[in-house]
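Side-chain atoms are counted along with the backbone in the values below, which use heavy atoms only and exclude waters and symmetry mates.
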Amino acid sequence: MDAPKAGYAFEYLIETLNDSSHKKFFDVSKLGTKYDVLPYSIRVLLEAAVRNCDGFLMKKEDVMNILDWKTKQSNVEVPFFPARVLLQDFTGIPAMVDFAAMREAVKTLGGDPEKVHPACPTDLTVDHSLQIDFSKCAIQNAPNPGGGDLQKAGKLSPLKVQPKKLPCRGQTTCRGSCDSGELGRNSGTFSSQIENTPILCPFHLQPVPEPETVLKNQEVEFGRNRERLQFFKWSSRVFKNVAVIPPGTGMAHQINLEYLSRVVFEEKDLLFPDSVVGTDSHITMVNGLGILGWGVGGIETEAVMLGLPVSLTLPEVVGCELTGSSNPFVTSIDVVLGITKVIQINLNSIVPSVSGPKRPQDRVAVTDMKSDFQACLNEKVGFKGFQIAAEKQKDIVSIHYEGSEYKLSHGSVVIAAVISCTNNCNPSVMLAAGLLAKKAVEAGLRVKPYIRTSLSPGSGMVTHYLSSSGVLPYLSKLGFEIVGYGCSICVGNTAPLSDAVLNAVKQGDLVTCGILSGNKNFEGRLCDCVRANYLASPPLVVAYAIAGTVNIDFQTEPLGTDPTGKNIYLHDIWPSREEVHRVEEEHVILSMFKALKDKIEMGNKRWNSLEAPDSVLFPWDLKSTYIRCPSFFDKLTKEPIALQAIENAHVLLYLGDSVTTDHISPAGSIARNSAAAKYLTNRGLTPREFNSYGARRGNDAVMTRGTFANIKLFNKFIGKPAPKTIHFPSGQTLDVFEAAELYQKEGIPLIILAGKKYGSGNSRDWAAKGPYLLGVKAVLAESYEKIHKDHLIGIGIAPLQFLPGENADSLGLSGRETFSLTFPEELSPGITLNIQTSTGKVFSVIASFEDDVEITLYKHGGLLNFVARKFS
């Protein structure tokens, strides 16, 4: 679908850049005095509306609503046409598979499949496929939670370019890694330098080799994900406007900041501001460059790729007044999180914080960490509590690891990951972590070897300045060695914990902890045996790793002792703000970013040599367990059929509040006893080859079986966390997929009952696609996360909402009834509908459609069907 023409109603606003230029732009300042009071972000939104005003998808009324922002903010929905789209591979592969499948559907309906391509520039970064098969503390080849057969992935062999030793010719001042060096808890070897990561000796600015762990992890990543990568390469060849950033380059949000952003777009001599929507939750970081970024769901992103706008509530713009100065232990992250709470803030009031132990929104002041963790042990199982009996809270379990004895208890840290993710890509906090590591090593402090430590830079630039500043060897000495460039820990692709740790956790029923500078810490996300997960700034991650526990008061308790037995406290090794700023000014320099741009454009050797087809239609391999033509279009007709009533539907799941998209469609490891595992096993795969749900989002058979497969899912029918439900006709307790499969064979439609904030967390299109393929026709909840509600509509599931003040409990619903619902011929936004149950109860619900566009999409059976019909 072609992008809308330039705004016909506002052609009079077009002006040339200067008298001698052919370049033009829409001068929206000529719209009058209302423009003068608009915040910059709203001006960008206004320009996009003016430029794309076609009278249909973007109406003149929408433009006037934006111009009248001062009175309309938060009260009206407006369309937004971004200049470009950003995808990461976990959400990008289902989008591109949908495009490939749509070509098949369009051809079947008699249309031209070559018309199917993104209407706007679409960048896809492959940053979620990295798994930590090798790390400083797990250098041996061991299966990780994501599985993957390393033999089939390809033998680990040296790169064609042999490693070169670059000694510093005897200079005694060099503390860098120009030679192999003894840098880690286990001496690490180094191999040839990876592309896109210009590491330099911090004292002589000579290139130094990359840690062998990076090269090994990347080689396995390419082998394990070969099918996916070949599909991505095919997509970049046959679809216009698609560019793929290959593995080993960096994380989507940081590459967006450093490389992908245009700031100003130019198309056919028309200039306009850069703007972007993306499926990565960090997309709004690009606002710092003056680029309007908006995080949306996968289905909405596909809509933008197909030339449709994304609908958003005209946003409020809040200014912040900062006064005072923050204390030395406060990082930029603490300040940002403080600003999100209030709009007038004294920086003196900001305190260092972490978030956890189960949700990112639950902040805990570092000074309160010990008491808060103790309270979590006491509280009943819930959003924070673990309900550990008082007599068990002091339990200690001894473990033997690498010839030494250690003790684990509640609060012991077993995973510590420094990741330059979201605000943590700030050089200041990454350098603070490095400087803290340097002082810790110089004081004789170490990290216990059983703790799974890792360092995942967001791009080669992070490696560059950590290396040139001289702090990288000290991070490595503490076990924080670079494992690769991608979102490994955050999506559950961590290195496996040792058997000694796993056995101790199980033996003592211990609440052990993971601590990471990421942005998601849902229970069980990092590892199913690690129940408490905390988000922290990079220097605090290093500090808690050294302490070995979160059950510590940094103000009164030491991190450890130096060789003389002297206590070392956190304040002894915490770098000053002046120290961090001085190092940042010296080592974060413009030339690094120019070098990154050049290296990305040169390409990655493995990616460049990867073979891929270039046919108009993708040659689906029926034996593939990664890429499969989805069944969304199987029953597609030229014209939509009338809305069908939902009759005698059973409840598949009865859920509570704050059910996340991770509960609905997990991204991490595939449990060996799950329905997805059975499917893969039946196709000859071993558990080591399972990989992760995120990596297999291009296979609808795996993803449907993975829907509601999260081990922490709490279904009220079952009464405890488990990916199970009841098949009521037979009374059997089954995996959710198996129950849904039986219902479909019996021709019984399904609904889901839920509480408040259904679909919160990451935007995840499979959290809507999966239930749809299970046979779910409607969700009935107290409230929704907006992006997920839009996804439900976009796939053809009706989002129903209890009337205000009502819920399943207040209506006396058990979930064991059957439910019937009839749709009127003419739906309207927010219409009230009646549901009748098999017990004779009748109650009203709201059909949560916000505008006529959503109703149109629902009548077509979702966005994909709607667009496929347009192409045909």
Side-chain angles (χ1 to χ4, degrees), residues 136 175-176 183-185 202 326-335 351-354 366-367 369 413 415-421 423-448 451 453-458 462-463 465-482 515-518 534-550 552-555 557-563 566-588:
K136 203 74 165 178
R175 298 191 300 268
L183 298 178
R185 292 176 291 177
S326 56
N327 77 56
F329 290 92
V330 166
T331 67
S332 56
I333 299 158
D334 297 310
V335 174
V351 296
S353 300
V354 298
V366 171
T367 52
M369 184 65 157
V413 173
I415 295 174
V418 173
I419 312 165
S420 59
C421 178
N423 296 310
N424 295 307
C425 79
N426 259 339
S428 62
V429 291
M430 294 298 289
L431 286 168
L435 291 169
L436 186 144
K438 179 177 183 291
K439 294 184 178 186
V441 170
E442 291 172 343
L445 299 178
R446 294 292 183 270
V447 173
K448 295 177 177 64
I451 298 176
T453 48
S454 60
L455 170 58
S456 300
V462 181
T463 306
Y465 64 68
L466 290 178
S467 179
S468 67
S469 63
V471 299
L472 191 58
Y474 298 99
L475 285 163
S476 181
K477 186 73 173 176
L478 295 179
F480 293 98
E481 185 176 71
I482 297 172
I515 188 155
L516 69 155
S517 57
Y534 289 92
L535 306 180
S537 65
L540 282 176
V541 170
V542 177
Y544 279 111
I546 294 170
T549 181
V550 301
I552 182 174
D553 182 347
F554 283 141
Q555 291 182 305
E557 298 178 67
L559 292 171
T561 58
D562 69 9
K566 177 186 174 184
N567 286 337
I568 304 296
Y569 293 85
L570 181 59
H571 62 76
D572 295 324
I573 62 171
W574 191 272
S576 68
R577 186 168 289 111
E578 293 74 22
E579 185 180 3
V580 172
H581 181 71
R582 183 172 62 252
V583 173
E584 184 177 6
E585 286 291 304
E586 183 177 350
H587 295 282
V588 182

Chemist: Hydrogens and angles aside, do S332 and N426 bring a side-chain donor and acceptor to less than 3.5 Å of each other?
Modeler: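 Present: a donor and an acceptor within the cut-off.
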
Chemist: Run the side-chain donor-acceptor check on residues 576-584: report pairs under 3.5 Å with partners two or more places apart or on a different chain.
Modeler:
| from | atom 1 | to | atom 2 | distance (Å) |
| --- | --- | --- | --- | --- |
| S576 | OG | E579 | N | 3.0 |
| R577 | NH1 | S326 | O | 3.4 |
| R577 | NH2 | S326 | OG | 3.0 |
| R577 | NH2 | N327 | O | 3.0 |
| R577 | NH2 | V330 | O | 3.0 |
| E579 | OE1 | K439 | NZ | 3.0 |

Chemist: From M430 CE over to L435 CG, what is the distance, rounded to the nearest 0.5 angstrom?
Modeler: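 Rounded to the nearest 0.5 Å, the CE-CG separation comes out at 12.0 Å.
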
Chemist: Run I573 and K438 through side chain to side chain contact (heavy atoms under 4.5 Å, CB included) and show every step you take.
Modeler: CA-CA 9 Å; I573 62 171; K438 179 177 183 291; over 6 Å; no

Chemist: Given side chain to side chain contact (heavy atoms under 4.5 Å, CB included), test I515 with I415 step by step and report yes or no.
Modeler: CA-CA 6 Å; I515 188 155; I415 295 174; over 6 Å; no

Chemist: Kindly give the heavy-atom pair with the smallest separation between V418 and P538, and that separation in Å.
Modeler: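 Closest approach of V418 to P538, heavy atoms only: CG1-CB, 4.0 Å.
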
Chemist: So which atom in M369 and which in I552 form the shortest heavy-atom distance, rounded to 0.1 Å?
Modeler: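 Minimum heavy-atom separation between M369 and I552: CB-O, 4.5 Å.
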
Chemist: For a quick test of reading the model, state the closest non-hydrogen atom pair linking V366 to V354 and the distance between them.
Modeler: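 That would be CG2-CG1, 4.3 Å.
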
Chemist: As an exercise, state the distance from NE2 of H571 to CZ of F554, rounded to the nearest 0.5 Å.
Modeler: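 Output value for this atom pair is 12.0 Å.
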
Chemist: Keeping D562 on the side-chain end and K566 on the backbone end, is there a donor-acceptor pair under 3.5 Å?
Modeler: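 Confirmed, D562 side chain pairs with K566 backbone.
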
Chemist: Run the side chain to side chain contact (heavy atoms under 4.5 Å, CB included) test on L516 and I419 for me, step by step, so that the C-alpha distance in whole Å, both residues' side-chain angles and the decisive distance to 0.1 Å come before the verdict.
Modeler: CA-CA 7 Å; L516 69 155; I419 312 165; 4.0 Å; yes

Chemist: Nearest 0.5 Å, please: how far is CD in Q555 from OH in Y569?
Modeler: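 Spacing of OH (Y569) from CD (Q555) equals 12.0 Å.
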
Chemist: Drop me the distance from S454's OG to L475's CG, to the nearest 0.5 angstrom.
Modeler: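 Spacing of OG (S454) from CG (L475) equals 11.5 Å.
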
Chemist: Can you check whether V413 reaches V550 side chain to side chain, under 4.5 Å on heavy atoms?
Modeler: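 Of all side-chain heavy-atom pairs linking V550 with V413, at least one is under 4.5 Å.
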
Chemist: So which heavy atom on L559 is nearest to which on A547, and how close?
Modeler: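 For L559 versus A547, the nearest heavy atoms are CD2-CB, 3.9 Å.
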
Chemist: Got a second to check how far L436's CG is from D572's CG, nearest 0.5 Å?
Modeler: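 Atom-to-atom, L436:CG and D572:CG are 10.5 Å apart.
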
Chemist: Using side-chain heavy atoms (C-beta onward) and a distance below 4.5 Å, is V441 in contact with R446?
Modeler: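 Yes, side chains in contact.
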
Chemist: Any side-chain heavy atom of V541 within less than 4.5 Å of one from S517?
Modeler: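 V541 reaches S517 side chain to side chain.
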
Chemist: Quick one: closest heavy-atom pair of I546 and A440, and the distance?
Modeler: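 Smallest interatomic distance, heavy atoms only, reads CD1-CB, 3.6 Å.
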
Chemist: Which value, rounded to the nearest 0.5 Å, describes the distance between L570 atom CG and Y544 atom OH?
Modeler: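 Answer for the CG-OH pair, L570 versus Y544, is 8.5 Å.
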
Chemist: Please identify which of these residues, V542, D334, T331, meets the side chain to side chain contact (heavy atoms under 4.5 Å, CB included) condition with S537.
Modeler: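 In the set V542, D334, T331, the residue that makes a side chain to side chain contact (heavy atoms under 4.5 Å, CB included) with S537 is T331.
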
Chemist: Please lay out, stage by stage, how L455 and L466 fare under the test side chain to side chain contact (heavy atoms under 4.5 Å, CB included).
Modeler: CA-CA 11 Å; L455 170 58; L466 290 178; 4.2 Å; yes

Chemist: What's the shortest heavy-atom distance between Y465 and C425, and which atoms?
Modeler: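 Y465 and C425 have their closest heavy atoms at OH-O, 4.0 Å.
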
